[in-house]
Structures are given as C-alpha cells and as structure tokens.
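So the structure is just underneath, and the comments pick up after that.
To find a chain, count down the sequence lines: A is the first, B the second, and so on, and within it residues start at 1.
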Amino acid sequence: DVKVTQSSRYLVKRTGEKVFLECVQDMDHENMFWYRQDPGLGLRLIYFSYDVKMKEKGDIPEGYSVSREKKERFSLILESASTNQTSMYLCASSLTLRVEAFFGQGTRLTVV
Amino acid sequence: DQQVKQNSPSLSVQEGRISILNCDYTNSMFDYFLWYKKYPAEGPTFLISISSIKDKNEDGRFTVFLNKSAKHLSLHIVPSQPGDSAVYFCAASALVGNEKLTFGTGTRLTIIP
C-alpha cells in the first residue's frame, strides 16, 4: 500500500517563527510536491522536486523554501511564518509528473 | 490565470440520483485529466483519469466524459451514495509545456439521504 506521510496533522506557530513541514514517501517516486489548499482557491503548487537536491518553484513559492536531501524526504520551510500562511499543506509524490500523485494526510498550520 | 476551472463551488444531490461535476480548462495543450476526491482533514485520493485520445472512461459508479472541442470534462457518479460527500478536484497536465498537474478550485458535493 502506497504511503505518503506528513510529520504533523496540526501545528500552531507564532508569527516570525521558522517552520519545518516534513514529508516522507515509501514508493521510490522521483517527484515530490508541496501544495496548499485554501477555500475557493483549490490546490496551489508551492514547490516541487523531480530528483534529490533538485527543486523548482511552483505557482506560489514566495515565503517558502524546500529541501530534498534524500529521495524519500521532502521538506517545506517557512523562513518567517506569517498569518497569511495559515492553511492546509499537502505533500504528494508521483512516479512521473503526468500521472496521478499520491497525497499525504495534510498538515493544518495555524500561524498566530 | 486559472487554467482549470470548477465553476460550481457546491452541489447537493439526493441519494440514489446522479451527481454531475463539471470542469473547464483553457490550455489546449492539456491532454491528461484526473479527478480527485477529498474528505475533510485528509489528503486527496485519486478517483479516475482520462487521456485525450478517449472521450469516456468508466470505473464502477464513476464515469468521466471529455469534450475536447468544448475544453470541458465532467464526472458522473451513479448512483450517488452518502459516502460520496466530499470535495472533488479536477486536474490536468500537458505533454509539452506544463507536465505537472494543475488543479481546479474544487466542488463540494453533498449527498442528501
């Protein structure tokens, strides 16, 4: 059974804190993604990675960075959290860019 | 610029009837389309997909129709069941230029018992 695991289901952080969201997949997929989901805006791509140490900006990369040191792990970093980054964050992985992606359970981040 | 649009934010359907969810796209290079289902506090799960070489794909109660000339796809669920209540996202990708999935804004489907 395929598995994408996000380290936290719920997080509450203070404005200005550095926040790490971790994601691990066990499917040996090349591609990993970070999305955020907001009401009325759907799923918006923040960053993706097509190989270890490789990353590309998605549609809304501002205020975020990522790290992929190992194939199975993809981290999203909020350098200085702000209240407009309060959202549901979803990690996903896929074998190729064009086929179905498998999602983690999501992390509900609240920045206060 | 929203390349994949789901113009109905919500839809209510009686149990046992047909649910039809719609999705429009603007990028004529899109050639692979998917539907995902999402329950609250869970990640989206893949439901069904269709390639542009087909105009219909069925999987049990779920059928996706693709109208390339209208740049429109729809998901039919027959018969609708209470467990189908969720948010549905359509997504699209292109062989050239935009390989990664582009998602729509989602439609919340509520099945009324």
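Under the 4.5 Å side-chain heavy-atom criterion for grouping Ile, Leu, Val, Met, Phe, Trp and Tyr, B:Leu47 is connected to B:Leu11 within one hydrophobic cluster. Side-chain heavy atoms closer than 4.5 Å link hydrophobic residues (I, L, V, M, F, W, Y) into clusters, and following such links, even through other members, never connects A:Leu45 to A:Leu76. At a threshold of 4.5 Å between side-chain heavy atoms, the hydrophobic network of Ile, Leu, Val, Met, Phe, Trp and Tyr places A:Trp34 and A:Phe102 in two separate groups. By the criterion of side-chain heavy atoms lying less than 4.5 angstrom apart, applied directly or through intervening Ile, Leu, Val, Met, Phe, Trp or Tyr residues, B:Ile77 is not grouped with B:Phe65; the two fall into different hydrophobic clusters. One hydrophobic cluster, built from ILVMFWY side chains closer than 4.5 Å, holds both B:Leu66 and B:Trp35.
Among A:Gln37, A:Arg108, A:Arg44, the residue with the largest count of heavy-atom pairs under 4.5 Å with chain B is A:Gln37.
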For this session: Would you sort out whether B:Phe103 and A:Tyr35 count as a ring pair (Phe, Tyr, Trp, His ring centres under 6.0 Å), showing the intermediate values?
Result: CA-CA 10 Å; B:Phe103 284 84; A:Tyr35 292 88; 5.3 Å; yes

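In this structure, chain B has a heavy atom under 4.5 Å from the backbone of A:Leu41, while its side chain stays farther away. Of the two parts of A:Ala101, the backbone and the side chain both hold a non-hydrogen atom closer than 4.5 Å to a non-hydrogen atom of chain B. With a 4.5 angstrom heavy-atom cutoff, B:Pro9 does not touch chain A via any of its atoms. Residue contact with chain B, scored on non-hydrogen atoms closer than 4.5 Å, is absent for A:Tyr50.
With hydrogens and angles ignored, the 3.5 Å screen pairs a side-chain donor or acceptor of A:Arg9 with a backbone N or O of B:Ala41.
To the nearest 0.5 Å, atoms CG (B:Leu101) and CG (A:Asn31) are separated by 10.0 Å. Expressed to the nearest 0.5 Å, how far OG1 of A:Thr96 lies from NZ of B:Lys100 amounts to 13.5 Å. Atoms NZ and CG, on B:Lys38 and A:Leu90 in that order, are 6.0 Å from each other to the nearest 0.5 Å.
By the neighbour-count criterion of 12 heavy atoms within 6.0 Å, atom CZ of A:Arg73 is sparsely surrounded, having that number or fewer from other residues, nucleotides or ligands. Heavy-atom contacts from other residues, nucleotides or ligands closer than 6.0 Å to NZ of B:Lys68 number more than 12. Applying the 6.0 Å contact sphere to CZ of B:Arg61 captures more than 12 heavy atoms from other residues, nucleotides or ligands.
For B:Tyr36 and A:Phe103, the ring centers sit closer than 6.0 Å to each other.
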